[in-house]
Amino acid sequence: MSTNIKRVAVFTSGGDAPGMNAAIRAVVRTASYHDLHTYGITGGYEGMINGKLSRLEPRNVGNIIHRGGTVLKTSRSEKFRTKEGRLQAFESLQAHDIDGLIAIGGNGTFTGANIFSKEFNIPVIGIPGTIDNDLYGTDFTIGYDTAINTAVEAVDKIRDTADSHNRVFFVEVMGRNAGFIALDTGIGSGSSGLLIPENGKTPESLIDTLKKNIKRQKLFSLIIVAEGNPWGGANVVAEMIQNKLPEMDVRVAIIGHLQRGGSPTAFDRVLASRLGYEAVEGLLAGKKNCAVGFVNKKAVFTPFKKAISATKGVDETLVKMAEILAI
Ligand code: F6P
């Protein structure tokens, strides 16, 4: 090992994601294997500011691998955006002689970590945890697989009622600025249309699709709408369609935070375990101020600066395929 790191702190921040607990467990146990002391910070950056650190031993993280949410709690901290807040956070870490940090979260978490690590010269490794899957430097983020499975299960149920009534359903899924969840939910549930920020579908082209569906003898339609659809969420889209095509029987279902909960899938548990393990190994090998991810099944470390600024982008082939398979 090339560093003198002895005490690490781990925390979760931003929106929770199923699998975060598996990552916490992996961090604590890998650190213990290397004789490091691990502290858990309760409540993300807000907890760091308020000195909410406590020792985590391997037994403290037993029986959590299968649980959704995060046992360390999380927050979206406004105070950490200020220099004063970050100084307070650093003082809390100093009080426990923390010399390395592991941050589990999404873009906002990594943005905070990037500033903090430079300001106070403390090594930080980020673990991508967000259901949105919108982080550069990893093929998948923790929680994404569970979220799309939840969404597909929900759409399967909506399909039954849409079919029975010959209705047009607009189903809104999460993904703040990106269409990853919507795209895979659409493909996995066999939807008849997709509105995602990346496919440039216009109101006119949607109307066209719905009219064509009737001609094709598709008596009901399931349209998956990403919450980040540039011209509106499911309610806005449904209202517009109902006005333009009054003969259609239109309904809306917003899956919402259901997608953030539940027991993580095996894929998310394994991914989170591997990321937690690699984060500690990386920290001990001298990596700092970067996020760990898996690209083509290999662990890679991407500087925070790049991880937060570069765009991953959805797979264009999948976008095209989804369109073809919906005819
Ligand atoms: O980033 C994950 C996410 O679930 C997004 O998909 C969504 O836009 C946002 O968080 C919702 O955040 P909150 O739970 O704070 O309202």
Side-chain angles (χ1 to χ4, degrees), residues 11-23 43-47 68-81 103-114 126-155 170-186 188 194-198 224-237 252-265 268 271-272 275 291 293 304 307-314:
F11 63 98
T12 50
S13 164
D16 61 307
M20 281 182 163
N21 288 327
Y45 287 122
E46 203 64 20
T70 160
V71 293
L72 286 177
K73 312 275 185 175
T74 186
S75 62
R76 300 193 193 273
S77 175
E78 281 305 316
K79 208 168 171 196
F80 195 77
R81 291 177 194 270
I104 307 172
N107 200 285
T109 305
F110 291 179
T111 302
N114 187 37
I127 295 180
T130 164
I131 64 163
D132 290 359
N133 198 30
D134 58 350
L135 283 173
Y136 181 87
T138 192
D139 289 339
F140 298 105
T141 56
I142 296 170
Y144 174 66
D145 186 66
T146 308
I148 58 173
N149 275 285
T150 301
V152 165
E153 204 182 318
V155 178
F170 292 99
V171 185
E172 184 177 307
V173 296
M174 277 188 168
R176 199 190 303 261
N177 301 312
F180 290 97
I181 296 179
L183 178 58
D184 275 355
T185 300
L194 271 179
L195 299 177
I196 57 175
E198 298 87 350
I224 311 299
V225 185
E227 68 168 330
N229 178 45
W231 46 280
N235 280 317
V236 171
V237 175
V252 169
I254 297 177
I255 306 179
H257 286 79
L258 265 179
Q259 290 154 101
R260 287 246 294 264
S263 182
T265 57
D268 271 331
L271 174 70
L275 288 168
F304 279 139
I308 59 184
S309 58
T311 305
K312 181 155 73 179
V314 298

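Both ligands and their constituent atoms are indexed starting at 1 by order of listing. All heavy atoms count here, side chains included; hydrogens, waters and symmetry mates do not.
To the nearest 0.5 Å, atoms CD (E78) and CD (E46) are separated by 9.0 Å. Atom CD1 of I255 and atom CD of E227 lie 11.5 Å apart (nearest 0.5 Å). With rounding to the nearest 0.5 angstrom, the OG1 atom of T138 is 6.0 Å from the NZ atom of K312.
Between the side chains of D268 and T146, at least one donor-acceptor pair of N or O atoms lies under 3.5 Å.
For the side-chain contact (heavy atoms from CB on, under 4.5 Å) with I308, the lone residue among L135, N114, T109 that qualifies is N114.
Under the 30°/60° scheme for interplanar angles, the aromatic rings of F304 and F110 are found to be tilted.
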Dump the pairs for me: ligand 1 N or O, protein N or O, distance under 3.5 Å, to 0.1 Å.
| unit_1 | atom_1 | unit_2 | atom_2 | d |
| --- | --- | --- | --- | --- |
| ligand 1 | 1 (O) | D132 | OD2 | 3.3 |
| ligand 1 | 4 (O) | R260 | NH1 | 2.8 |
| ligand 1 | 6 (O) | D132 | OD1 | 2.6 |
| ligand 1 | 6 (O) | D132 | OD2 | 3.3 |
| ligand 1 | 6 (O) | G175 | N | 3.1 |
| ligand 1 | 6 (O) | E227 | OE2 | 3.2 |
| ligand 1 | 8 (O) | E227 | OE1 | 3.4 |
| ligand 1 | 8 (O) | E227 | OE2 | 2.4 |
| ligand 1 | 10 (O) | R76 | NH2 | 3.2 |
| ligand 1 | 10 (O) | R260 | NH1 | 3.1 |
| ligand 1 | 12 (O) | R76 | NH2 | 2.9 |
| ligand 1 | 14 (O) | H257 | NE2 | 2.8 |
| ligand 1 | 14 (O) | R260 | NH1 | 3.0 |
| ligand 1 | 14 (O) | R260 | NH2 | 3.0 |
| ligand 1 | 15 (O) | R76 | NE | 2.9 |
| ligand 1 | 15 (O) | R76 | NH2 | 3.2 |

